[in-house]
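Below is one structure; the comments refer to it alone.
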Amino acid sequence: QVHLVESGGGLVQTGGSLRLSCAGSRSIIGDNDMGWYRQTPGKRREFVARISSSGFAYYDESVRGRFTISRDTAKTTVLLQMSSLKPEDTAVYYCNKLSDPVAWGPGTQVTVSS
């Protein structure tokens with residue numbers, strides 16, 4: 001079964017912005033620390049950002065100051081606002097809970113052209 005579904009990716013130029021969404025049940029998104037990850041071909045999935053159940057956010061050095069993670073008031077969506085995008089941000093982006101992650105969703109492709 002699908003627990004989480006990512007969306008919002010696309011093709012943008014360097015310096016552009018995108019807003020990614022991760023949709024799921026409140027029992028997952030509202031009750032757990034949630035994270036965004038990304039993966040490129042031939043490389044392992046890497047951490048991007050996380051948000052605690054209380055709203056505390058932490059970012060990987062590579063995106064700090066450019067990305068913002070948040071949770072909607074219904075606690076059914078985790079958002080990732082991406083700005084000042086760089087070609088090295090190109091990847092498939094995934095979301096999951098940090099503790100005992102569920103099956104990975106389809107991900108959403110982000111491509112940044114130069």
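Worth knowing before you read on, the calculation uses all heavy atoms, side chains too, and leaves out hydrogens, waters and symmetry mates. None of these values were measured; they are calculated from a predicted model.
- Placement of Phe67 and Leu20 within a single hydrophobic cluster is found when ILVMFWY residues are connected by side-chain heavy-atom separations under 4.5 Å, directly or transitively.
- Ser21 places no side-chain N or O within donor-acceptor distance of the main-chain N or O of Leu79, the cut-off being under 3.5 Å.
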Trace of the side chain to side chain contact (heavy atoms under 4.5 Å, CB included) decision for Thr40 with Thr90: CA-CA 8 Å; Thr40 56; Thr90 296; 5.7 Å; no
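- Partners of Ser25 according to the side-chain hydrogen bond (donor to acceptor under 3.5 Å, both in side chains) rule, which considers only residues two or more places apart in sequence or in another chain, are Ser27.
- The number of heavy-atom neighbours closer than 6.0 Å to CD of Gln13, taken from other residues, nucleotides and ligands shown, is 12 or below.
- Both Tyr58 and Tyr94 are members of a single hydrophobic cluster when ILVMFWY side chains are connected at heavy-atom separations under 4.5 Å.
- Taken together through direct or relayed side-chain contacts under 4.5 Å among Ile, Leu, Val, Met, Phe, Trp and Tyr, Leu80 and Val110 form part of one hydrophobic cluster.
- To the nearest 0.5 Å, the span separating CG on Leu18 from CD on Gln81 amounts to 8.5 Å.
- The backbone N or O of Asn32 sits nowhere less than 3.5 Å from a side-chain atom of Ser53 that would complete a donor-acceptor pair.
- Heavy atoms from other residues, nucleotides or ligands lying under 6.0 Å from CZ of Arg44 number 12 at most.
- Taking all atoms of both residues into account, the shortest heavy-atom contact from Trp36 to Glu6 is CZ3-CG, 4.0 Å.
- Contact check for Ser99 versus Asp33: no side-chain heavy atoms found under the 4.5 Å cut-off.
- Both Val78 and Tyr59 are members of a single hydrophobic cluster when ILVMFWY side chains are connected at heavy-atom separations under 4.5 Å.
- When every heavy atom of Ile28 is checked against every heavy atom of Met34, the shortest pair comes out as O-SD, 3.8 Å.
- The heavy-atom pair separating Ser52 from Arg71 by the smallest distance is O-NH1, 2.8 Å.
- Between the CD1 atom in Ile69 and the SG atom in Cys95 there is a gap of 9.0 Å [rounded to 0.5 Å].
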CA sep, side-chain torsions, deciding dist, call: Val48, Asp60, side chain to side chain contact (heavy atoms under 4.5 Å, CB included): CA-CA 5 Å; Val48 176; Asp60 181 76; 5.5 Å; no
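- The existence of a salt bridge linking Arg38 and Asp89 is confirmed by a sub-4.0 Å separation between a basic side-chain nitrogen and an acidic carboxylate oxygen.
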Start with the C-alpha gap between Arg66 and Lys86, add the side-chain angles, then the distance that decides, and say whether side chain to side chain contact (heavy atoms under 4.5 Å, CB included) holds. CA-CA 10 Å; Arg66 300 187 298 117; Lys86 307 173 181 180; 3.8 Å; yes
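- Here SG of Cys22 is found 8.0 Å from CG of Asn96. Values are rounded to the nearest 0.5 Å.
- At least one test fails for Arg50 against the ring of Phe56: distance under 6.0 Å to the centre or angle within 45° of the axis.
- Remark: side-chain polar atoms of Asp72 are paired, donor with acceptor, to backbone N or O of Thr77 under 3.5 angstrom.
- Closest approach of Ser84 to Ser17, counting heavy atoms only: N-OG, 4.4 Å.
- A distance of 11.5 Å separates CG of Leu98 from CD1 of Ile51, quoted to the nearest 0.5 Å.
- No path of Ile, Leu, Val, Met, Phe, Trp and Tyr side chains, each step under 4.5 Å between heavy atoms, connects Val102 with Val5, placing them in separate hydrophobic clusters.
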